[in-house]
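In what follows, chains carry the letters A, B, and so on, assigned in the order in which the sequence lines appear, proteins first and then strands, with residues in each chain numbered from 1.
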There are 2 protein chains.
Amino acid sequence: MARRRSQTPQKAQPTMHDVARVAGVSQMTVSRVMRGTGYISKDVKNEVVKAAREMGYVHNRLAGGNATYDNPIVGVVIPTMQNRVFNEVLSGINDTLVESGLRPVFGVTEYSLETEEDVVFDLLSWRPRGLILPGLEHTPSLRKIIAQTGVRVAEIMDVDGDPISACFGFSHAQAGEDMARHLIERGYRRFGLVGSQGGLDLRATKRFDAFSKLVTSLGAEVVARENDTQASSMEAGRKMTSALLDEPNPPDAIYYANDDLAAGGLMHCLANGIDVPKEVALAGFNGLGFLSALPKRITSTVTPRYKIGADAASWILRTSSADAGLKSDLGATLRIGETT
Amino acid sequence: MARRRSQTPQKAQPTMHDVARVAGVSQMTVSRVMRGTGYISKDVKNEVVKAAREMGYVHNRLAGGNATYDNPIVGVVIPTMQNRVFNEVLSGINDTLVESGLRPVFGVTEYSLETEEDVVFDLLSWRPRGLILPGLEHTPSLRKIIAQTGVRVAEIMDVDGDPISACFGFSHAQAGEDMARHLIERGYRRFGLVGSQGGLDLRATKRFDAFSKLVTSLGAEVVARENDTQASSMEAGRKMTSALLDEPNPPDAIYYANDDLAAGGLMHCLANGIDVPKEVALAGFNGLGFLSALPKRITSTVTPRYKIGADAASWILRTSSADAGLKSDLGATLRIGETT
DNA sequence: TATATTTTTGTTAGCGCTAACACATTGCTT
DNA sequence: AAGCAATGTGTTAGCGCTAACAAAAATATA
């Protein structure tokens, strides 16, 4: 076993050198066996694997990264952990990455661009093979450090704007307009908007802006807005819906920033005997699976969450940096339910 | 700038040496500034920080870990990403870790102990400062490699058993019994159990076992079980509830493996005019926030998810490995709602 | 059988960084 | 002004690993 300088709480781990000694080969041969590269005879390979297993040796991939400038890491930034949308995005990222022997390292911004800057800086200290960032909006400092380090960046969830290198998502403006057109067609004219995160969710804002603009131009109007500062949840949706409908001239249709909020709205109506969609129509966003379990299927926009994550991850994995300026619109489709 | 051997797609990053040259100091001084250790004069510090910023230098923490046997990493294993419970646990872990300048690296097992073994082995190749594992059940090989490497391990979510070193959670047996006692007290006698993951969720199994045992000993009985192989969700809960209640002699109370399933059950009853709790009582598990948004507050067991994550993470951070055999029961409390 | 080719193993240098120690310099006592 | 501690900076060695380049051994070819 190798001697150690520092008195870490951990036991001294064996090194390749130790394995090599036990197996009676050179350390380089052990390295080759561990990575499965180059020529190795079967006998030696077995010998090395056996010795490693017996000693409990685990390949130290980070030390190797040091020598090759290539750590098996992708930095992944998400706005929040409190939203299931990102569970699915992360699943897509994780599955794709793990398949290639890499792992994501996460950072959470809580919807703050300043925090995002800090998080990215921290993530960069891991010398990741690439970075996955939410949205196309970033601070100038963030852009600068990205440019300086030349790190590969994939932006996800949005395509309305100019990506740093490549983006994978869908058009929120389009999604907002689609929903506006649908609701107008169904005869609704007085709209309420319900969001969360105090307007910091820039993609939701894009949807709402496009929605408002279109309904206004079609002769309808947005009569009320609610925007809780707290995280999105069914509770928040229920509370805000209640507030909205208690006003003197309530809207006849409510467009929510996401399905959780909309489901909360539906629950409020259900509990208070408000007929949906006769008295008020409800529309969500994301098309999450749980909608199908609700008493009424809520109209929503289905977004390709898993695929966004998977595509972004595999773009990072592709070594060619050829496809700069790539805009991958994975599409989001309106799914009409029983609430509009 | 340093010359590079390999032709990575990334731009050549400046090193401490480069920064040192620009700032006109030794590389060691740059190292000290970056880590904020030792004595550094203000002038030199400013000079170095300025140079680093201008060059876009980012401290490479992984290379340092190589020299100190101490990477800023904690390996975190979770059964699935499809369950919001783990969002909160991860939040607790992440918040605590990031505060100390570390980051979690995740692995997902999909409720398979064999996969867990592979994941842990992979995570170990990152030489993490510690590992956080779900539950107290692991394969012998897993235990062996843990023992061999001497890595610090915190087990979470359960305290019914013997931890490798320390565990943070609550007693599932206790939770199951508490619920059993409550339902018996309310007069229910014919119980249904609804789970997911095909019984692979070992903690849910512990609850169900303790529940079944107690109700049986109190003269009641478990008359039906449903156990979907797919992931837990409201949809699955609704489907299984429907199946359960369509049988000739349906249960008068259903105990679900978690709140999502229970909420799905409630939705089924709501949509089909089944009176809860008169015709059938429903009980969930976890006490998630969204329950308060449902038309009827579902009886559940509130679990300290965030705190479990936070406590486990800060135990990992504590360097003393003194407290071996630590069992931290954070408690789970029955919360009676309107569905029982 | 001699030579070229392929396969297998080893040696050397060095990745970017930090611990440990050495050596200045400064300010403070007395 | 001498002595001393505190402060500031540099030098050296080496972490665990891999690329690049030998060199030896096995195999194929002429």
Side-chain angles (χ1 to χ4, degrees), chain A residues 1-8 10 12-21 23-48 52 55 57-73 124-128 149, chain B residues 1-8 10 12-21 23-48 52 55 57-73 124-128 149:
Chain A
M1 297 284 162
R3 264 147 303 285
R4 289 298 122 81
R5 284 180 300 178
S6 71
Q7 59 329 356
T8 53
Q10 293 218 3
Q13 306 267 112
T15 68
M16 274 190 179
H17 195 84
D18 301 320
V19 176
R21 193 165 32 225
V25 296
S26 77
Q27 182 252 96
M28 192 63 223
T29 301
V30 178
S31 174
R32 289 200 181 97
V33 172
M34 288 298 152
R35 287 175 295 143
T37 60
Y39 295 112
I40 326 119
S41 71
K42 228 168 191 164
D43 289 351
V44 169
K45 184 179 169 181
N46 290 338
E47 202 62 42
V48 169
M55 307 170 72
Y57 174 78
V58 180
H59 186 195
N60 183 338
R61 303 184 66 201
L62 260 18
N66 197 9
T68 55
Y69 304 96
D70 192 11
N71 292 315
I73 294 171
L124 247 20
S125 77
W126 294 62
R127 295 292 186 275
T149 58
Chain B
M1 299 284 160
R3 263 147 305 287
R4 289 299 122 82
R5 281 181 301 177
S6 72
Q7 61 326 358
T8 53
Q10 294 218 4
Q13 305 268 111
T15 70
M16 276 190 178
H17 194 85
D18 301 319
V19 176
R21 194 166 29 225
V25 295
S26 77
Q27 183 250 90
M28 192 63 223
T29 300
V30 178
S31 175
R32 289 199 182 94
V33 172
M34 288 298 153
R35 286 175 298 145
T37 61
Y39 296 113
I40 326 116
S41 71
K42 231 173 188 154
D43 290 352
V44 169
K45 185 179 168 178
N46 291 339
E47 202 62 41
V48 169
M55 306 170 72
Y57 174 77
V58 180
H59 187 195
N60 183 340
R61 303 184 67 205
L62 260 18
N66 197 9
T68 56
Y69 304 96
D70 192 13
N71 292 314
I73 294 171
L124 246 20
S125 75
W126 296 61
R127 295 294 185 274
T149 58

(message) Side chain of B:Thr29 only, heavy atoms from C-beta on: which candidate in C:dT9, D:dG10, C:dC17 is closest?
(response) D:dG10
(request) Take atom CD of B:Gln13 and atom C1' of C:dC17, then tell me their distance rounded to the nearest Å. (result) 15 Å
(message) Side chain of B:Arg35 only, heavy atoms from C-beta on: which candidate in C:dG14, C:dT18, C:dG16 is closest?
(response) C:dT18
(request) Using whole Å, report how far CG of A:Asp70 lies from P of C:dG16. (result) 13 Å
(message) Would you say that A:Pro72 contacts A:Leu62 through its side chain, given a criterion of any heavy-atom pair below 4.5 Å between the two side chains?
(response) yes
(message) Could you tell me how far apart A:His17 (NE2) and D:dC15 (C1') are, to the nearest whole angstrom?
(response) 13 Å
(request) Look at the side chain of A:Arg61 and the base of D:dG16, then say whether one donor and one acceptor between them are separated by less than 3.5 Å. (result) no
(message) Just so I know, are the side chains of B:Met16 and B:Tyr57 near enough to count as touching, which here means a heavy-atom distance under 4.5 Å?
(response) yes
(request) Just call it for B:Met16: base, sugar-phosphate, or nothing, with non-hydrogen atoms closer than 4.0 Å on any strand. (result) sugar-phosphate
(message) Below the 4.0 Å mark, does D:dG16 have OP1 or OP2 next to a side-chain nitrogen or oxygen of A:Thr15?
(response) no
(request) Using atom CE of B:Met34 as one end and atom C1' of D:dT9 as the other, report the distance to the nearest whole Å. (result) 16 Å
(message) Are the side chains of B:Thr15 and B:Asp18 in contact, using a 4.5 Å heavy-atom criterion?
(response) yes
(request) Give B:Leu62 one of three labels, base, sugar-phosphate or nothing, depending on what nucleic acid heavy atoms sit under 4.0 Å from its own. (result) nothing
(message) I want to confirm an ordering. Mapping B:Ala63 and B:Arg32 to their closest nucleotides on DNA chain D, which one lands closer to the 5' end?
(response) B:Arg32
(request) Test B:Arg127 against B:Ile73 for side-chain contact (heavy atoms from CB on, under 4.5 Å), laying out the working first. (result) CA-CA 8 Å; B:Arg127 295 294 185 274; B:Ile73 294 171; over 6 Å; no
(request) For B:Lys45 and D:dT7, give me the distance from atom NZ to atom C1', rounded to whole Å. (result) 15 Å
(request) When you get a sec, tell me which of D:dG16, D:dC17, D:dG8 is the closest nucleotide to the side chain of B:Ser41? (result) D:dG8
(request) May I have the distance from B:Asn71 (atom CG) to C:dT18 (atom C1'), rounded to whole angstrom? (result) 13 Å
(message) Below the 4.0 Å mark, does D:dT18 have OP1 or OP2 next to a side-chain nitrogen or oxygen of A:His59?
(response) yes
(message) Nearest 0.5 angstrom please: A:Arg61 CZ to A:Thr68 OG1, how far?
(response) 10.0 Å
(request) Would you tell me if any nitrogen or oxygen in the side chain of B:Ser26 comes within less than 4.0 Å of OP1 or OP2 on D:dT11? (result) no
(request) Supply the atom-to-atom distance B:Ser26 OG to B:Arg21 CZ, rounded to the nearest 0.5 angstrom. (result) 13.0 Å
(request) Compare side-chain N and O positions of A:Tyr39 against OP1 and OP2 of C:dT9 and report whether any pair is under 4.0 Å apart. (result) no
(request) Write down the distance between CE (A:Met28) and P (C:dG10), rounded to a whole number of angstrom. (result) 11 Å
(message) If you compare every side-chain N and O of B:Tyr69 against the phosphate oxygens of D:dC17 (OP1, OP2), does one of them come in below 4.0 Å?
(response) no
(request) With the side chain of A:Thr68 defined as its heavy atoms from C-beta on, choose the nearest nucleotide among D:dA19, D:dC15, D:dA20. (result) D:dA19
(request) For A:Asn66, report the nucleic acid contact type (base, sugar-phosphate, nothing); a contact means any heavy atom under 4.0 Å. (result) base
(request) Grab the CD-C1' distance between A:Gln27 and D:dG14 for me, whole Å please. (result) 14 Å
